[in-house]
Structure formats: structure tokens, C-alpha cells
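Before any comments, here is the structure.
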Amino acid sequence: MSETFKALVVEKDDAGTSAAVKDLTLADLPEGEVTVAVEYSTVNYKDGLCIGPGGGLVRNYPHVPGIDFAGTVETSSDDRYKPGDKVVLTGWRVGEAHWGGYTQKARVRADWLVPLPDGLTTRQAMAVGTAGFTSMLAVQALEDHGFKAGPILVTGAAGGVGSVAVALLSALGQEVAAVTGRPDQEDYLRGLGASQIVPRADLAETVKRPLESETWGGCVDAVGGDMLARVLGQMQYGASVAAVGLAGGAGLPATVIPFLLRGVNLLGIDSVMQPYENRVRAWSRIAEILPMDKLEGMVVPATLGDLPKLGADILKGQVRGRVVVDVNA
Ligand code: NDP
């Protein structure tokens, strides 16, 4: 009988979707050049959608979610990887269109992998995960366009993207203002390096005046919606907003005035289709810049069995920092 391993499998029938930990065999896995013994995966906003009804992201059921993972190559028919190599995967619609990381074994295309950067363990790489990788891309986009005078605003700060963005910006010497709807997370955010806490309610109202005081020297925005529209009118002349997410809504009830009269840049950040060179560059900068003690402070440990609840929690904005799933626990 073939060896079995555990995975979180989402199934769909007329009553809807259900997620449970099941035994699979290697023959169940999708096609790909590299089979990986997964060690860690994480819980991101998209995972919350895919553990539930899919939100249009899941193409076929049964499905194994998990948009990122880190582990050790077991077999490879591609020259770039050999058994024993440590690897990381984010993006490429893995965990959505292709089975993902909520499993003890995964099979993927070699093109989607990145070698684990020097200085990071597989657990640390997943403490960073897709959310942290995306934060690095956002910070690099702000660097490329230049930080302006004034604090750098991070919205959705206690979430995964926000937490890593606060820690990265502070490690780069920037003054960071963290927007949160959870006042009880103030100590956590100050510990990551935020010097100012902005209550979510201060930015929650819809835009009444297209321009307000020039306040922020840059912004990493994980929230979108009304908050992003407000923030655009508060940017310093020529400052940039790296738009990462839509935890607060997909609409953008803004005017063109901040772009026309203040030369504000709105930079879209996509982590899914990043070319190999960009992924390697971002991972090596993460390993170089991100303080590992702060990273450890963001980690919420979890097992495969915890995932159905955590998937629902992240959609309600109730998860703090980075949930790291030990798939072998
Ligand atoms: P989290 O749920 O961990 O964090 C989102 C945070 O946003 C919450 O913790 C909360 O922070 C805040 N928030 C939630 N709901 C609202 C609301 N209604 N209004 C205002 N603020 C709200 O998610 P992630 O950090 O993992 O992801 C954030 C976003 O980024 C998601 O939309 C995700 O899909 C997107 N994303 C995009 C990527 C890309 O490639 N562009 C890659 C990864 C993520 P607080 O409690 O501090 O207010």
C-alpha cells in the first residue's frame, strides 16, 4: 500500500464546501517537476477565502489550499533542484488554481520555487510568508519612488502585511505611523517599531475634502476602500502609496485631485506573478533587513486541524500578525 500523508482537503457538494484533514497518497498530487516535503505554511486572507467557498479563486474541488509553503525537496526532474534543497514558494496561484501548502507533501512547477535564502529557516520564511514578501515588494516600490518627509503610514497594521511592513520600515530607519482598529494591539505595534498609532476611526469616514493637510511621506496600504481614498488626500507632495490589499473594500471613492495637485503616486503591488529575479531579490533583502526577534513576536503557531477556524477568523480581521502552520504537528 502506498504511503499516506496528511492534508487539509476542501470538498464541495450541493450543501456547500467543507474542510477537513484527510489522508492522501503521492498519486493524488497534481503534476509538477518537484515534490516537496512541506514543513510550514501560513494563513493569508486569500486562504480564508479558499478554506471556505473559494470566492471565485478555487478552480476545481477537491482542493488543498495554502498559498505559500517552505520545505525540503524530495524528488525533482528539474536540474535547478535536487533532493535535500530547502525551498520557498509564494504566488503563481498555488493554493488557488493548483493544490497548495496545507499538506505534508506538495508537487509544483520548478519555476514557482525559490531557494531558501541564506540566514532564514523554513519556519522563519513562513513567518514572513506571502504577506511579508508582499510587504517587502511594497517597501521596495516606495524606495524606488523615494520616501518624502513625514511618517510612513501603514494601514491594517496589526494584520500580516501590516505587521511586517511596520517592522521592515522601522528597520530601514523610517518613522512609522500604524493604523489599527484594535486599540489593544498598540503595545504590539510599538514593539514592531511604530512610533505613532492612528485609530482606524480617524480614517474611516468617506472623503469630504479631496485634499487635507500634507501628512504622510509614504504609505503601505493593506485596506483599500474609504481608507485609501482618505489617505490619498493626506499624502505629502510627490509621495507614494503602495496599494497591497482590500481588507476594507474593493471600491475607491476618491477624486483625481491628489494626483493632479499633489503629484501623488498610487503604486499597485502584486506578489502573485513576480518574476524569479524579483522574488530572489525580495527574499534576500528580507533575510538581510528584517529583525528576527520582531518576526518571532508576530508568530501565531497553528496546526492543520486549526485551519478551518483560522480561515474564518482572518476574513473577519481577527488574526494578529502571521499564523505559521506546522503541517507535521
Ligand atoms: P490580515 O487579515 O492579516 O490583515 C488585514 C488587516 O486589515 C486586519 O488585521 C485589520 O487590521 C485591517 N482591517 C480588516 N478589515 C478592515 C476594515 N473593514 N476596515 C479597515 N481595516 C480593516 O490580512 P493580510 O495582512 O494577510 O492581507 C491584507 C490584504 O492584502 C488582503 O486584502 C490581502 O488579500 C491582500 N494581499 C495582497 C497581496 C498582493 O499580492 N497584492 C499579497 C498578500 C495579501 P487592524 O486590526 O490593525 O485594523
Side-chain angles (χ1 to χ4, degrees), residues 8 10 17 19 21 40-55 57-58 65-70 90-91 95-96 100-102 123-136 138 154-168 178-194 197-200 204 220-225 227 244-250 269 271 290 294-327 329:
L8 184 85
V10 183
T17 53
V21 178
Y40 298 97
S41 184
T42 79
V43 180
N44 298 271
Y45 195 84
K46 268 185 185 171
D47 296 316
L49 297 172
C50 294
I51 292 170
L57 298 174
V58 177
I67 65 167
D68 48 24
F69 64 76
T90 61
E96 304 172 47
Y102 294 166
R123 184 173 179 280
Q124 287 167 333
M126 282 299 100
V128 174
T130 302
F133 172 73
T134 308
S135 300
M136 188 73 250
V154 176
T155 68
V161 170
S163 293
V164 182
V166 170
L168 282 171
V179 185
T180 185
R182 290 181 271 180
D184 57 321
Q185 297 305 324
E186 174 161 352
D187 287 350
Y188 166 73
L189 290 166
R190 288 197 187 277
L192 295 181
I197 305 295
V198 181
R200 188 193 289 179
V220 175
D221 174 57
V223 169
M227 189 177 292
V244 172
L246 41 63
I269 305 299
S271 64
L290 192 61
K294 287 188 181 173
L295 185 66
E296 190 55 39
M298 295 175 206
V299 170
V300 178
T303 66
L304 287 176
D306 297 330
L307 286 166
K309 178 178 184 310
L310 287 165
D313 287 350
I314 199 163
L315 295 181
K316 290 185 243 154
Q318 287 174 354
V319 167
R320 180 183 100 174
R322 300 282 304 130
V323 179
V324 177
V325 185
D326 180 347
V327 300

- Quick one: CD1 on I197 to CZ on R182, what's the gap to the nearest 0.5 Å? 12.5 Å

- When every non-hydrogen atom of A222 is compared with those of T155, the smallest separation belongs to N-OG1, 2.9 Å

- Expected output: side-chain R320 to main-chain A158 donor-acceptor under 3.5 Å: no

- Query: Can you check whether S135 reaches V161 side chain to side chain, under 4.5 Å on heavy atoms?
  - Reply: yes

- Report the distance from atom CG of L189 to atom CG of D184, rounding to the nearest 0.5 Å. 9.5 Å

- Message: Restricting to non-hydrogen atoms, name the atom on A125 and the atom on A70 that form the minimum distance, rounded to 0.1 Å.
- Response: CB-CB, 4.4 Å

- Item | Results of salt bridge (charged side-chain N to carboxylate O under 4.0 Å, His left out) for D306 - residues two or more places apart only | none

- Any chance you could measure L8, atom CG, to L307, atom CG, to the nearest 0.5 Å? 5.5 Å

- What one should report as the nearest heavy-atom pair of G52 and V10 is O-CG1, 4.2 Å

- Task: Only counting residues at least two apart or in another chain, list the ones meeting side-chain contact (heavy atoms from CB on, under 4.5 Å) with L49.
- Result: L57, L315

- Note on the structure: Sequence neighbours excluded, the answer for side-chain contact (heavy atoms from CB on, under 4.5 Å) partners of A167 is L290, K294, M298

- Task: Using distance alone, with no hydrogens and no angle criterion, decide if D68 and T90 have a side-chain donor and acceptor under 3.5 Å apart.
- Result: no

- Query: So, for V154 and A165, which heavy atoms are closest and what is the spacing to 0.1 Å?
  - Reply: CG1-CB, 4.0 Å

- Not counting sequence neighbours, which residues clear side-chain contact (heavy atoms from CB on, under 4.5 Å) with I314? List them please. V43, V319

- Shortest non-hydrogen contact from V244 toward A138: CG2-CB, 3.8 Å

- For V198, enumerate each residue passing the side-chain contact (heavy atoms from CB on, under 4.5 Å) test, keeping only those at least two apart in sequence or located in another chain. L153, A177, V179, Q196, D202, L203, W216

- Message: Please give me the minimum heavy-atom distance between C50 and G95, naming the atom from each residue.
- Response: SG-O, 3.6 Å

- Message: Do D326 and Y40 make a side-chain contact, defined as non-hydrogen atoms from C-beta onward lying under 4.5 Å apart?
- Response: yes

- Please step through side-chain contact (heavy atoms from CB on, under 4.5 Å) for the pair V299 and R123, ending with a clear verdict. CA-CA 10 Å; V299 170; R123 184 173 179 280; 3.5 Å; yes

- Item | Main-chain N/O of F69 paired with S41 side-chain donor or acceptor, under 3.5 Å | no

- Task: Decide whether R322 and S163 meet the rule of one side-chain donor and one side-chain acceptor closer than 3.5 Å.
- Result: no

- What is the distance from atom OH of Y45 to atom OG1 of T130, rounded to the nearest 0.5 Å? 15.5 Å

- Note on the structure: Sequence neighbours excluded, the answer for side chain to side chain donor-acceptor pair (under 3.5 Å) partners of D47 is N44, Y102

- Item | Trace of the side-chain contact (heavy atoms from CB on, under 4.5 Å) decision for V323 with T42 | CA-CA 5 Å; V323 179; T42 79; 5.8 Å; no

